[in-house]
Each structure stands twice: as structure tokens, then as C-alpha cells.
Amino acid sequence: QKEVEQDPGPLSVPEGAIVSLNCTYSNSAFQYFMWYRQYSRKGPELLMYTYSSGNKEDGRFTAQVDKSSKYISLFIRDSQPSDSATYLCAMSKSGNTPLVFGKGTRLSVIA
Amino acid sequence: DARVTQTPRDKVTEMGQEVTMRCQPILGHNTVFWYRQTMMQGLELLAYFRNRAPLDDSGMPKDRFSAEMPDATLATLKIQPSEPRDSAVYFCASGLGSQTNTGELFFGEGSRLTVL
């Protein structure tokens with residue numbers, strides 16, 4: 001079993017839909033949780049960052065962390081075709097340790 | 001506009017050939033990572049350096065892969081000899097590693113390697 005599990009999709013939704021992306025993890029020592037977005041032929045870029053449990057909102061994006069369930073989520077409201085990308089969850093024990101990534105979920109938002 | 005620069009962007013080579021990938025991290029970042037991305041495995045950590053010292057290379061096949069950081073502006077990943085199973089996108093990333101930092105990584109655009 002990998003430390004971080006993420007459904008690879010692909011996920012296809014109509015424009016304007018609410019998208020829910022999820023990851024589960026096994027290592028209870030993880031404290032830093034991130035979502036990266038990766039466009040085709042590009043490197044991943046940080047989208048959202050959360051420390052420990054709780055919610056964080058940034059525009060149309062909301063990140064949630066439930067450490068008791070070892071489950072993190074990313075919600076995208078009013079999805080746009082420009083949101084079409086691969087979304088990777090990532091987590092680490094501290095700012096000093098490497099990020100462990102999920103495999104990524106490929107999202108297509110259809111106009 | 002600070003960014004991680006990787007070369008080459010694309011490389012096609014034949015089995016058995018040596019491949020060298022280069023990375024210029026963001027100036028001031030003290031930690032440099034090499035990741036490999038495939039459809040099957042996703043992003044896998046190969047090796048990383050802090051202040052140019054190798055901290056962990058347990059993700060690399062030691063017999064054919066080597067990673068070095070000859071100076072603060074250059075990291076290299078070498079494969080010799082290359083094999084078809086090495087075909088993947090190799091990413092370099094840099095960051096400010098510290099206990100008080102978030103650990104955010106900044107990625108280059110990757111080197112897409114195809115070994116025939």
C-alpha cells in the first residue's frame with residue numbers, strides 16, 4: 001500500500017459543476033498538506049496549502065484536511081475549462097522533509 | 001521571475017547510452033529534489049540535496065543512476081547505461097527546507113526522456 005492514495009480518474013465534468021478531489025494517506029505523522037495543479041507538459045504548481053486539520057478557502061477552491069480519518073479533499077466551485085489539469089495531493093511531516101505525492105487525478109471541464 | 005530551469009526538455013536516446021539532465025534551482029533555495037513521473041507510479045522521489053549535500057538517494061537505482069550538485073546553481077542527474085524502463089518525465093524542484101517553512105516546492109518544466 002502506498003503512503004498516499006489518489007484516484008487517477010479521469011474525471012470529466014460540465015462547466016459550472018462542483019468538483020471534489022480526494023486523497024487518503026496512511027502516515028499519521030504528516031502535518032503539511034498541499035494540492036498541486038499540473039497542466040499538460042508543465043511542472044506541478046502549488047495551488048493550496050494547509051497545515052494540520054481544518055479548512056482553507058481561496059476563491060473558488062477549498063481544501064479540507066481530516067487527520068482523524070487521514071483524508072484530504074479539494075473542492076472546486078463553478079469549475080471552468082481552464083481548470084482542466086491533473087491535480088496532485090502532496091504531504092510531508094515537516095518543512096524539512098520531502099513531499100510525498102499522490103498519483104494525481106486528471107480533470108476535464110467541458111464547456 | 002524566479003524559476004527552476006531544466007535541460008533538455010526532450011531527449012530520445014537508444015538503450016545503453018548515457019543521459020545527463022541538468023537543473024538550475026531558484027537562487028537562494030537550499031534544497032533541490034529530483035522526481036520521476038510515470039503514468040503507473042506517479043511522482044517518485046529519486047534523490048535530494050540540502051546545501052549541496054546529498055541527504056537521500058534511496059529512490060534511485062544505484063547501479064545506473066547518479067545525482068550530483070557541483071555548485072549551488074547546478075544539479076545533475078545521470079543515467080548510465082539507460083534502459084527503456086527509464087522512459088519518464090524527470091522533474092527537478094527546489095525549495096527552502098527548514099522546520100519553520102511550509103516545504104513548498106517549485107518545479108521545473110521537466111525533462112521528457114524516451115529510451116528506445
Side-chain angles (χ1 to χ4, degrees), chain A residues 1-10 21-27 29-52 54 56 58 63 65 72 85-107, chain B residues 1-6 9-10 21 23-26 29-51 53-60 67 88-112:
Chain A
Q1 184 192 3
K2 296 202 85 168
E3 273 191 299
V4 179
E5 298 280 359
Q6 183 176 11
D7 186 338
L21 305 168
N22 312 293
C23 288
T24 58
Y25 62 95
S26 57
N27 192 336
F30 286 142
Q31 297 276 7
Y32 294 83
F33 302 92
M34 302 182 191
W35 287 94
Y36 279 76
R37 180 173 60 194
Q38 185 178 19
Y39 291 113
S40 180
R41 300 272 300 170
K42 298 289 188 181
E45 291 182 307
L46 181 67
L47 185 62
M48 296 282 287
Y49 152 75
T50 310
Y51 173 72
S52 194
K56 188 170 186 178
D58 184 2
V65 175
I72 71 171
T86 297
Y87 290 81
L88 301 110
C89 62
M91 45 200 82
S92 67
K93 301 171 196 175
S94 75
N96 244 349
T97 54
L99 286 173
V100 180
F101 284 85
K103 282 189 180 181
T105 300
R106 190 170 175 183
L107 171 68
Chain B
D1 184 26
R3 63 179 70 184
V4 175
T5 304
Q6 287 186 249
R9 282 298 315 272
D10 291 278
M21 289 167 274
C23 168
Q24 181 176 359
I26 292 173
H29 282 182
N30 66 346
T31 312
V32 176
F33 299 81
W34 283 106
Y35 282 90
R36 176 171 62 185
Q37 187 175 42
T38 61
M39 290 289 290
M40 290 295 292
Q41 300 298 329
L43 267 173
E44 299 176 289
L45 178 67
L46 296 175
Y48 77 105
F49 298 78
R50 179 156 296 131
N51 299 318
L55 286 192
D56 186 359
D57 63 359
S58 59
M60 288 198 317
V89 182
Y90 291 81
F91 284 102
C92 175
S94 69
L96 284 169
S98 76
Q99 288 286 28
T100 57
N101 192 267
T102 64
E104 177 185 359
L105 295 185
F106 296 80
F107 282 80
E109 298 209 316
S111 293
R112 182 178 297 268

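The sequence lines fix the lettering, A, B, ..., with proteins before strands; numbering per chain opens at 1.
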Among A:Met34, A:Gln6, A:Glu45, which residue forms the greatest number of heavy-atom pairs with chain B at distances under 4.5 Å?
-> A:Met34
With a 4.5 angstrom heavy-atom cut-off, could you sort out which part of A:Gln31 is near chain B: side chain, backbone, both or neither?
-> neither
Counting only heavy atoms closer than 4.5 Å, note whether B:Phe106 contacts chain A via side chain, backbone, both or neither.
-> neither
Taken to the nearest 0.5 Å, the spacing of A:Thr97 OG1 from B:Asp56 CG works out to 11.0 Å
Quick one: pull up CD in B:Glu104 and OH in A:Tyr36 and give me the separation to the nearest 0.5 Å.
-> 5.0 Å
One should read off an interatomic distance between B:Gln37 CD and A:Lys103 NZ, to the nearest 0.5 angstrom, of 11.5 Å
Give, as side chain, backbone, both or neither, the part of B:Leu43 having an atom under 4.5 angstrom from any heavy atom of chain A.
-> both
Going from CZ on A:Arg41 to CZ on B:Arg112, what distance comes out if it is rounded to the nearest 0.5 angstrom?
-> 4.5 Å
Minimal heavy-atom distance between B:Phe91 and A:Gln38, with the atoms involved, is CZ-NE2, 3.4 Å
If you count heavy-atom pairs under 4.5 Å between each of A:Gly43, A:Ser92, A:Pro44 and chain B, which one has the most?
-> A:Pro44
Select one option (side chain, backbone, both, neither) describing which atoms of B:Gln41 are under 4.5 Å from chain A's heavy atoms.
-> both
